[in-house]
Amino acid sequence: MSVKDILGDRYDKIVDLAKRRGFFWPSYEIYGGVAGFYDLGPLGVMLKINVVNLWREYFVLKHQDLVAEIETPIIAPEVVLRASGHINHFTDPIIECLNCGRKYRADHLIEENIGLKVEGYGVEDLNKIVREKELKCPQCGGKLSDVRTFNLLFKTTIGPYSSDVGYLRPEAAQGMFSAFKRVFISMRERLPLGIAQIGRVARNEISPRQGMVRLREFTIMEVEFFHDPEGDDPPWDRFSGKLRLLPAELRQRGEEKPIEVDVVEAVREGLIKNKWLGYWMCVARDFIRELGVEYSDMHYEEKMPYERAHYSAQTFDQLVRVSRWGWVEVSGHAYRTDYDLRRHMEISGEDMKVFKPFKEPRVVEVEKVVVDKAVLGRALGSSLASFLEVLRNMDVEEVKKALATSEENIVISGFRVPRAAVKIVKEVEKLSGTKIIPHVAEPSFGAERLVLIVLDKAYSEEENRVVLKIPKKIAPVKAAVFPLLEREELVRVAKEIYSDLVSLRLTVLYDESGSIGRRYARADEIGIPYAVTVDFQTLSDDTVTIRDRDTKQQIRVSIKDLRKKLLELLDLELGAV
RNA sequence: GCGGCGGUAGUCUAGCCUGGUUUAGGACGCCGGCCUCCCAAGCCGGAGAUCCCGGGUUCGAAUCCCGGCCGCCGCACCA
């Protein structure tokens, strides 16, 4: 059996378990299912909530001085995605071989075969090039079809009139860019500012496979981190250290092994082009580690320029090794520069620049236009007001140009005025800052993928039984309560303990059916970290046993200490579940 | 989207080639009862199947044929 078969077998078992115990399964199964859609079951929902909350802990709560979370709609009007570039760039030009049926990205085909950069070309242009250069199928040499477009956006209509086109968002980011000014103001106008969002997105993938790994609709967890690239350093004391990464340059040379670099050095040397990008990669590293992924099973891969999204100046994918699929992308880290805000400023006309104060106010000499209104009034009469308006909006350099003549009268923007009435004077001005368009570093995660990864890493078999070693912090059910036997006196105490633990806001499972061994096994299979058992000794001394899922060791505690002990074992504070 | 393989209770599967012998069999799981003093013990009973969907061939289709859907693998695609 090859390694792949063993891994595949393991994946099959996980999928099987997920369906059987209620983590996830294909959606709309009774109608045959639809590729790219998955339901989360009862345990899946609980696990996902914990994964999402852990993400929130790392990316929002640990950074509440820097990051604020918002929520925006999943439907966006066309103009928003036009501004973001998704209408144009999310549409792939596809070309097909009429002989063998293979499909290619038309732009990639052209670039690879004749080295012509055709990014952003329309369908007609691409078609023209294909015909002029007589391109053939690179596989079989067959004739190629016309170029068609393939849009990965889900389209819908807003309101009763079909002319109002809307799209399901392919990322949460655009809602955050659109709302940037509002959030910036409500967060008291300070940079850096991260805006976080957890929400659903949809991408109409051409052929989704890989189960939960590639979905057409999923939950995205993103931070758009707005900052001044020349601003202060990230708080390296919170997150920093080593990153395993595979730079594009090494990939180009066919290298597959990541190198280990110190993030601060990598930023200084320009390997990571933006310091906040590097910072959030460190946060992501530790977050993923908490899901049960060893550092050696995770690294970053820099995307090649042609692999990057249209908005990105540099992208790293965080990869985690999983059964069956090998290295899977769990997060993308893109340096989006000021691309998005700039585009939204252009299209919406809204000024989203941010005032950047200088450390010290600067004294600068500026040139100003000074006019003699008395003279001008006599020359222009009633058009004086409109002339002054034009002048106000005019660049000093242009006025200078107009003055660079020896004529008596000069012409400025169609107004003929006496030369002597317009002067340029130099003045000393104090400037306390300037306006900049913030740059953005974006870490972005898919939640459902992470659920799968947690199960993949947690799955283990012990003597023919399954133990899900889910990290206790994210385990969907925290404790199980059993009577040793189904005797009324034991059942009564066990049920009391169950209610008591529920009142702590713990997720708890009560089970009295079958033998005690079977119940431990059932609990292990869904990853319950601790099992409390009421036995006959309980009746005489008010103690119960707590059994550890991973070590199978039991400790005996008195019922009155049980709450405290369990919370301690689970690393939880009272009320902070 | 192309090619190959597959789709039978919650899960895994037998049966399919060679149509009727099957009220579609089994294992595990689930539910109820009995039993059981700590790791899937045992006994009894029970529920649970659009045999993926649609059409065709046939006296008769889980079984043969065609189309579709879904899944896996390879190719292509995957900001």
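Atoms considered below: every heavy atom in the structure, side chains included; atoms not considered: hydrogens, waters and symmetry mates. Here is how names work: the chains are called A, B, and so on, in the same order as the sequence lines, proteins then strands, and each is numbered from 1.
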Student: Watson-Crick or G-U wobble partner for B:C35, using a 3.5 Å limit on both distances?
Tutor: none
Student: Counting Watson-Crick and G-U wobble pairs only, both distances under 3.5 Å, name the nucleotide matched with B:A24, or none.
Tutor: none
Student: I'd like to check A:E525 versus A:V467 (side-chain heavy atoms, cut-off strictly below 4.5 Å). Are they in contact?
Tutor: no
Student: Between B:A49 and B:G29, how far is it from one C1' atom to the other, in whole Å?
Tutor: 16 Å
Student: Partner of B:G74 by Watson-Crick or G-U wobble geometry, both contacts under 3.5 Å, or none?
Tutor: B:C2
Student: Could you work out the separation of B:G7 and B:U63 based on their P atoms and round it to a whole Å?
Tutor: 11 Å
Student: Using atom C1' in both nucleotides, what's the gap between B:A9 and B:U23 to the nearest angstrom?
Tutor: 16 Å
Student: Quantified in whole Å, what is the P atom distance between nucleotide B:G32 and nucleotide B:G48?
Tutor: 16 Å
Student: Applying a 4.0 Å non-hydrogen cut-off, can you work out what A:W25 is touching in the nucleic acid: base, sugar-phosphate, or nothing?
Tutor: nothing
Student: Looking for any heavy atom pair under 4.0 Å, which part of the strands does A:P26 touch: base, sugar-phosphate only, or nothing?
Tutor: nothing
Student: Taking the six-membered ring of A:Y530 as reference, does the cationic atom of A:R547 (NZ for Lys, CZ for Arg) lie under 6.0 Å from its centre and within 45° of its axis?
Tutor: no
Student: Distance between the C1' atoms of B:C17 and B:A61, in whole angstroms?
Tutor: 15 Å
Student: Work out how far the C1' atom of B:C28 is from that of B:A41, and round it to whole angstrom.
Tutor: 15 Å
Student: Check whether any side-chain N or O of A:Q197 sits under 3.5 Å from a backbone N or O of A:T72 as a donor-acceptor pair, and report yes or no.
Tutor: yes
Student: Looking only at side-chain N and O atoms, does A:S312 offer a donor or acceptor that is under 3.5 Å from a partner on A:Y339?
Tutor: no
Student: I want to confirm an ordering. Mapping A:R522 and A:D16 to their closest nucleotides on RNA chain B, which one lands closer to the 5' end?
Tutor: A:D16
Student: Which value, in whole Å, describes the distance between the P atoms of nucleotides B:C35 and B:C43?
Tutor: 16 Å
